[in-house]
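See structure below.
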Amino acid sequence: MKVEVRISLKRDVLDPQGEAIRRVLTRLGYTEVSAVRVGKLMLLDVEGEEREHVRARVEEACRELLANPIIEDFEVRVL
Amino acid sequence: MTWRRPKIGVVRFPGSNRDADAMRAVELCGGEAVPVWHESEDLLGVTGVLIPGGFSYGDYLRAGAMAAHSPVMKAVRKHAEAGGPVLGICNGLQILLEAGLLPGAMLPNRSLRFIHKEVFLRVERDDTPLLGKLRCGQVLRLPIAHKEGNWFAPPEVFQEVERQRLIALRYCSAEGEVAEAYNPNGALAAVAGLTNREGNVLGMMPHPECRVDPFLGEPFGKPFIAALVEVS
């Protein structure tokens, strides 16, 4: 099964990278862009038949390794 | 009386690069430095642990994240939980945070740049074994060299850090004043080093191992390494 994991910085964590990108966008004329947040996208191939089981396992992996729950949120989608 | 030369395990990950200097610093302070490979499941009989700086696993995923889950860290956790001394330097602190042995997490520096320079640090604690050779309010000068040193903790975690007085070192001016102007990386409360509640685990972004041999400058780093050797 293909599983997509999106990892983003928590709302209250500053993202200097996103802010730097926003500043350049403004300079290029994209003045309508008021905020940029940069995250990570991971695509996993996971063996398994049952979608809910696969999702639970990947969520467990997110908590243990893929995301740092102190600064990041994650979202798991079984495709 | 028999001559005691405590064995200090210096953990090596793929990508560690401060390990040789850390081992030399341990030897200069009277310890026996024992390299411990990241795949090792035991600590080879050492009584103290030093996690050196570098870029373990190429800083993949997040600095320290992969190393925090390596076999040797299970042994380091056991050692720490039994009260054994652990000193983490730079990437070593990042690893201790990712392993949950110290509170909070590292974000990229506010400037997004790798910073390599000498900074001033104010000692905030001197009542733990690993900080016992320092005095509160003392100002030290040590080099930093990192891109992820912007320490962060959510409000509820930070409150606990303050309540339990876990901040060991803060960035400051040459006179010891803590202000944003002297904070090189944006770390919350200008935190440069942290201890755990029990005081046997210490993590710091600056590099004490670079300032032990007087040939390299005033040995501001010696009290850290010497304390680790002495209590191990």
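We use all heavy atoms of the structure for the numbers below, so side chains are in, but hydrogens, waters and symmetry mates are not.
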Looking at every non-hydrogen atom in both residues, tell me the closest pair between A:P16 and B:P108 and how far apart they are. CG-O, 4.4 Å
How far apart are the closest heavy atoms of A:I70 and B:F152, and which atoms are they? O-CE2, 4.0 Å
If you count every heavy atom of other residues, nucleotides or ligands that lies below 6.0 Å from B:F114 atom CZ, does the total exceed 12? yes
Counting only non-hydrogen atoms closer than 4.5 Å, does B:L61 touch chain A with its backbone (N, CA, C, O), its side chain (CB onward), both, or neither? both
Show me the donor-acceptor pairs under 3.5 Å between chain A and chain B.
residue: A:K40; atom: NZ; partner: B:L61; partner atom: O; Å: 2.6
residue: A:E64; atom: O; partner: B:H69; partner atom: NE2; Å: 2.8
residue: A:L65; atom: O; partner: B:R62; partner atom: NH1; Å: 3.2
residue: A:L65; atom: O; partner: B:R62; partner atom: NH2; Å: 2.8
residue: A:L66; atom: O; partner: B:R62; partner atom: NH1; Å: 2.9
residue: A:N68; atom: ND2; partner: B:E98; partner atom: OE2; Å: 3.2

Is it the backbone or the side chain of A:I7 that comes under 4.5 Å from a heavy atom of chain B, or both, or neither? neither
Counting only heavy atoms not in B:L112 (residues, nucleotides, ligands), do more than 12 fall under 6.0 Å from its CG? yes
Interface residues of residues 41-52 of chain A facing chain B - non-hydrogen atoms under 4.5 Å apart: A:M42
Answer yes or no: is there a side-chain heavy-atom contact under 4.5 Å between A:I71 and B:L107? yes
